[in-house]
Amino acid sequence: MNKNFGLLFYLKKSKINSSGLVPVYLRITIDGMRTDISSKRFVDANKWNNKAQKVTGTCEEIRNINSALKSLEIKVYKSHMEMVDKDLSITSDNLKRYIFDDEVVKIEITEKTILEVFKSHNLEVETLIGKGFAKGTLQRYEVSYRHTEDFMLWKYGLKDVLLSQVDHEFITSYDYYLRSVRNCANNSTIKYIKNFKKIVLISLANGWLEKNPFLLYKAKLKPVVRQFLNMDEIQRMADHNFKFSRLSHVRDIFLFCCFTGLCYADVSKLKKSEIITDDRGEKWISTYRKKTDTVVKVPLLPMALEIMSKYSDHPSCSEGNSVLPVSSNQKTNNYLKEIATSCEISKELTFHIARHTFATTVTLANGVPIESVSKMLGHTDIKTTQHYAKILDLKLSQDMALLKIRLADTPANKPTPTVVKIPHSNQTPKIAS
């Protein structure tokens, strides 16, 4: 069986000796697998001809070095041919063993580098986009790759280092670099380290790394206070008459997600075929989360239905299968900043706040069981949903107020908020209380 076979002499500059000379190594490559062999010859790097793979010069010492390198090259080729004739299994490692079976020569299998494994991992993720990985996942790993590369240049003055150099000190220094030099917040630092840890685990699983450098590394994510809109802020946004249609358009898509819990990626891909009607005539969204590929089923509240109806004649909806005409993520978030200013909302408005608002103000605060909320959000773990429940101090105070009323035997007079129809205009429906 034919195999790709190649030889290359190169200088291993990381092993320069006290005299300033660099060792010459011979790299054997067979079908992409590499083995490095020390020639036991040291040369002046300035006299090395990389193209000719020999030392430049005519003195006797240089001629002896070049002769030794040529002899080693011939020996490798000869051994390779013998293995072919004997129909032996030919790998770079097997060829190395065959060559030096009866000789004491220092042989080193090429050790993989950090970025070599990282790059291979990212290429695999890239080929699997749409098949278990999202484009955003690849982008996060690419950013982590660049941070790792920049860290090694900062710490070691090298663009890449061997896997064997990844120890506890490497990890803690990387942590310090992200927090200080890159000025990353705690949770961002831990996420970048977590991405790097995956590369370490791949290396451990393949036997490229012997010890886990993360064994004594401890870091905890800090709880994030998720922003969400209260009912008054939702109403202000719904009531506002915007001068520009682009703002009212984004406002409507945002409010649709406030009442369905869809994130930007899911609403932008929502199709008419994913709107179903149950046996009672109620309409539901039946789709899947792009992030986790989990099934999501959400009953459509009146507000969401009215927004859908408002855009049913929009060109991108009437001529295609889209439920709503969603702008790009960047434009949407930029316009939300303008919307927040116009509606006097002091919170830093991003599209994902719509999903948080659905989880808190629209559902949990109105008594929807957390198990039901978790299913509608498409969470794979109810602990994720419980983060929303922890921030609902307002709901707790409301529940206690109702308890006081009941204990005093006084009827409660606080109806649950409802929504009215949305007019087919620039405005969104009022939320009656």
Peer 1: With sequence neighbours excluded, what pairs up with F118 under the ring pair (Phe, Tyr, Trp, His ring centres under 6.0 Å) test?
Peer 2: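 In terms of ring pair (Phe, Tyr, Trp, His ring centres under 6.0 Å), with neighbours along the sequence ignored, F118 is linked to Y145.
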Peer 1: Do you know the tightest heavy-atom contact between L115 and K159?
Peer 2: CD1-O, 3.1 Å
Peer 1: Tell me whether K272 at atom NZ has more than 12 heavy atoms from other residues, nucleotides or ligands lying less than 6.0 Å away.
Peer 2: yes
Peer 1: On the 0 to 90° scale, with breaks at 30° and 60°, tag the F214-Y217 ring pair as parallel, tilted or perpendicular.
Peer 2: perpendicular
Peer 1: Are more than 12 heavy atoms from other residues, nucleotides or ligands located less than 6.0 Å from atom OH of Y176?
Peer 2: no
Peer 1: Could you check if a side-chain atom of I202 sits within less than 4.5 angstrom of a side-chain atom of H121, using non-hydrogen atoms only?
Peer 2: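 Side-chain contact under 4.5 Å: yes.
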Peer 1: Could you tell me if the ring centre of Y311 sits under 6.0 Å from that of H249?
Peer 2: yes
Peer 1: Ignoring hydrogens and geometry, is there a side-chain-to-backbone donor-acceptor pair from S342 to E338 under 3.5 Å?
Peer 2: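 Flag set: sc S342 to bb E338 pair under 3.5 Å.
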Peer 1: Closer than 3.5 angstrom, by distance alone: can the side chain of T332 be matched with the main-chain N or O of S328 as a donor-acceptor pair?
Peer 2: yes
Peer 1: How far does OG of S374 sit from CG of D381, to the nearest 0.5 angstrom?
Peer 2: 7.5 Å
Peer 1: Check whether any side-chain N or O of R251 sits under 3.5 Å from a backbone N or O of I339 as a donor-acceptor pair, and report yes or no.
Peer 2: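 No; judged by distance alone, with no hydrogens or angles, the pair does not exist.
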Peer 1: In Å and rounded to the nearest 0.5 Å, what is the CZ to SG distance from F228 to C258?
Peer 2: 12.0 Å
Peer 1: According to the side-chain hydrogen bond (donor to acceptor under 3.5 Å, both in side chains) rule, which pairs have a member within residues 123-139, sequence neighbours left out?
Peer 2: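 Sorted pair list: T137-R140.
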Peer 1: Please give me the minimum heavy-atom distance between I190 and K220, naming the atom from each residue.
Peer 2: CD1-O, 3.0 Å
Peer 1: Once rounded to the nearest 0.5 Å, what's the spacing between atom CD1 of I234 and atom OG1 of T361?
Peer 2: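 Going from CD1 on I234 over to OG1 on T361, the span is 5.0 Å.
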Peer 1: Classify the ring geometry between Y174 and F170 as parallel (under 30°), tilted (30 to 60°) or perpendicular (over 60°).
Peer 2: perpendicular
Peer 1: Check whether any side-chain N or O of T189 sits under 3.5 Å from a backbone N or O of A185 as a donor-acceptor pair, and report yes or no.
Peer 2: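 Side chain of T189 to backbone of A185, a donor-acceptor pair under 3.5 Å: yes, one is there.
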Peer 1: With a distance cut-off below 6.0 Å to the six-membered ring centre and an angular limit of 45° from the axis, does R27 pair with Y10 as a cation-pi contact?
Peer 2: yes
Peer 1: Do any N or O atoms from the side chain of S286 and from the backbone of E274 form a donor-acceptor pair under 3.5 angstrom?
Peer 2: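 Side chain of S286 to backbone of E274: no pair is present.
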Peer 1: Are K297 and W284 in a cation-pi contact, defined as NZ or CZ under 6.0 Å from the six-membered ring centre and within 45° of the axis?
Peer 2: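 Judged by the rule, K297 and W284 form no cation-pi pair.
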Peer 1: Taking the six-membered ring of Y335 as reference, does the NZ or CZ atom of R246 fall below 6.0 Å from its centre and within a 45° cone about the axis?
Peer 2: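 Pair R246/Y335 counts as cation-pi.
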Peer 1: Cation-pi check, K191 to F196: give yes when NZ or CZ is under 6.0 Å from the six-membered ring centre and within 45° of the ring axis, no otherwise.
Peer 2: no
Peer 1: Shortest non-hydrogen contact from K198 to Y141?
Peer 2: CD-OH, 3.1 Å
Peer 1: Distance-only check: which donor-acceptor pairs under 3.5 Å involve side-chain atoms of residues 41-48, not counting sequence neighbours?
Peer 2:
from: R41; atom 1: NH1; to: S39; atom 2: O; distance (Å): 3.4
from: D44; atom 1: OD1; to: N46; atom 2: N; distance (Å): 3.0

Peer 1: Can you give me the closest heavy-atom contact between Y192 and S144, atom names plus distance?
Peer 2: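 Distance-wise, the nearest heavy atoms are CD2-OG, 3.4 Å.
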Peer 1: According to side-chain contact (heavy atoms from CB on, under 4.5 Å), who are the partners of S19, at least two apart in sequence or on a separate chain?
Peer 2: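 With sequence neighbours excluded, S19 shows a side-chain contact (heavy atoms from CB on, under 4.5 Å) to N17, L21, given in chain and number order.
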Peer 1: Between I28 and R34, is there a side-chain heavy-atom distance shorter than 4.5 Å?
Peer 2: no
Peer 1: For the CZ atom of R355 and the SG atom of C257, what is their distance to the nearest 0.5 Å?
Peer 2: 9.5 Å
Peer 1: Any heavy-atom pair between the side chains of V125 and L128 that's under 4.5 Å?
Peer 2: no
Peer 1: Could you report the tightest heavy-atom contact between H379 and T385, atom names first, then the distance?
Peer 2: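 That closest heavy-atom pairing would be ND1-OG1, 2.7 Å.
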Peer 1: Can you tell if the side chain of L300 reaches within under 4.5 Å of the side chain of F256, non-hydrogen atoms only?
Peer 2: yes
Peer 1: Hey, does L95 have a side-chain heavy atom less than 4.5 Å from the side chain of V76?
Peer 2: yes
Peer 1: If you compare all heavy atoms of L377 against all heavy atoms of A359, which two are closest, and at what distance to 0.1 Å?
Peer 2: CD1-CB, 3.8 Å
Peer 1: Would you check if the side chain of S372 reaches a backbone N or O of V368 as a donor-acceptor pair within less than 3.5 Å?
Peer 2: no
Peer 1: Would D239 and Q235 count as a side-chain hydrogen bond (donor to acceptor under 3.5 Å, both in side chains) here? Give the steps.
Peer 2: CA-CA 6 Å; D239 289 343; Q235 187 66 65; 2.8 Å; yes
Peer 1: Nearest 0.5 angstrom please: N49 CG to T56 OG1, how far?
Peer 2: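 Separation between the atoms: 4.5 Å.
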Peer 1: So, K12 side chain and V24 main chain: donor-acceptor pair closer than 3.5 Å or not?
Peer 2: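 Absent.
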Peer 1: For the atom pair CG (D167) and OG (S164), what is the distance rounded to the nearest 0.5 Å?
Peer 2: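 Interatomic distance, D167 CG to S164 OG, rounded to 0.5 Å: 9.0 Å.
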Peer 1: Under the 3.5 angstrom rule, does the side chain of S312 hit a backbone N or O of M308 as a donor-acceptor pair?
Peer 2: no
Peer 1: Please determine whether side-chain contact (heavy atoms from CB on, under 4.5 Å) holds for the pair Y177 and C184, giving the CA-CA distance in whole Å, both sets of side-chain angles, and the decisive distance to 0.1 Å.
Peer 2: CA-CA 9 Å; Y177 167 81; C184 293; over 6 Å; no
Peer 1: Just do the side-chain hydrogen bond (donor to acceptor under 3.5 Å, both in side chains) check on N333 and T350 with the steps written out, would you?
Peer 2: CA-CA 6 Å; N333 281 309; T350 63; 5.0 Å; no
Peer 1: Begin from the C-alpha positions of S273 and N321 and carry the test side-chain contact (heavy atoms from CB on, under 4.5 Å) through to its verdict.
Peer 2: CA-CA 7 Å; S273 56; N321 194 28; 3.6 Å; yes
Peer 1: Mark yes when over 12 heavy atoms from residues, nucleotides or ligands other than K211 sit less than 6.0 Å from its NZ; otherwise mark no.
Peer 2: no
Peer 1: Any chance you could lay out the salt bridge (Lys or Arg N to Asp or Glu O under 4.0 Å) test for R179 and D175, step after step, and finish with the verdict?
Peer 2: CA-CA 6 Å; R179 295 176 192 272; D175 183 293; 2.6 Å; yes
Peer 1: Using ring pair (Phe, Tyr, Trp, His ring centres under 6.0 Å) as the criterion, list what pairs up with F254, not counting sequence neighbours.
Peer 2: none
Peer 1: Do R236 and I345 have side-chain heavy atoms sitting under 4.5 Å apart?
Peer 2: yes
Peer 1: Please test M152 against D160 for side-chain contact (heavy atoms from CB on, under 4.5 Å), starting from the C-alpha separation and ending with a verdict.
Peer 2: CA-CA 6 Å; M152 291 187 294; D160 200 0; 3.7 Å; yes
Peer 1: Okay, side chain of D266, backbone of L262: is any donor-acceptor separation there less than 3.5 Å?
Peer 2: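 Not confirmed, D266 side chain does not pair with L262 backbone.
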Peer 1: Determine the interplanar angle of the F351 and Y264 rings, folded into 0 to 90°, and report it as parallel if under 30°, tilted if 30 to 60°, perpendicular if over 60°.
Peer 2: perpendicular
Peer 1: Taking C-beta and beyond as the side chain, do K269 and T287 meet within less than 4.5 Å on heavy atoms?
Peer 2: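 Result yes, sub-4.5 Å side-chain heavy-atom pair found.
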Peer 1: So with a 6.0 Å cut-off around NZ of K331, is the heavy-atom count from everything else above 12?
Peer 2: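 Check fails, neighbour count at 12 or below.
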Peer 1: For residues F358 and L364, determine if any side-chain heavy atom of one lies less than 4.5 Å from a side-chain heavy atom of the other.
Peer 2: no
Peer 1: Starting from the C-alpha separation in whole Å, work towards a yes-or-no answer on side-chain contact (heavy atoms from CB on, under 4.5 Å) for I171 and V166.
Peer 2: CA-CA 7 Å; I171 304 300; V166 182; 4.1 Å; yes
Peer 1: Is there a donor-acceptor pair closer than 3.5 Å between any side-chain N or O of R289 and the backbone N or O of A265?
Peer 2: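 The answer is no, because no donor-acceptor pair under 3.5 Å joins these two groups.
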Peer 1: Can you name the residues that form a side-chain contact (heavy atoms from CB on, under 4.5 Å) with L204, not counting sequence neighbours?
Peer 2: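 Counting only residues at least two positions away or on another chain, L204 forms a side-chain contact (heavy atoms from CB on, under 4.5 Å) with V200, L201, L209, N212.
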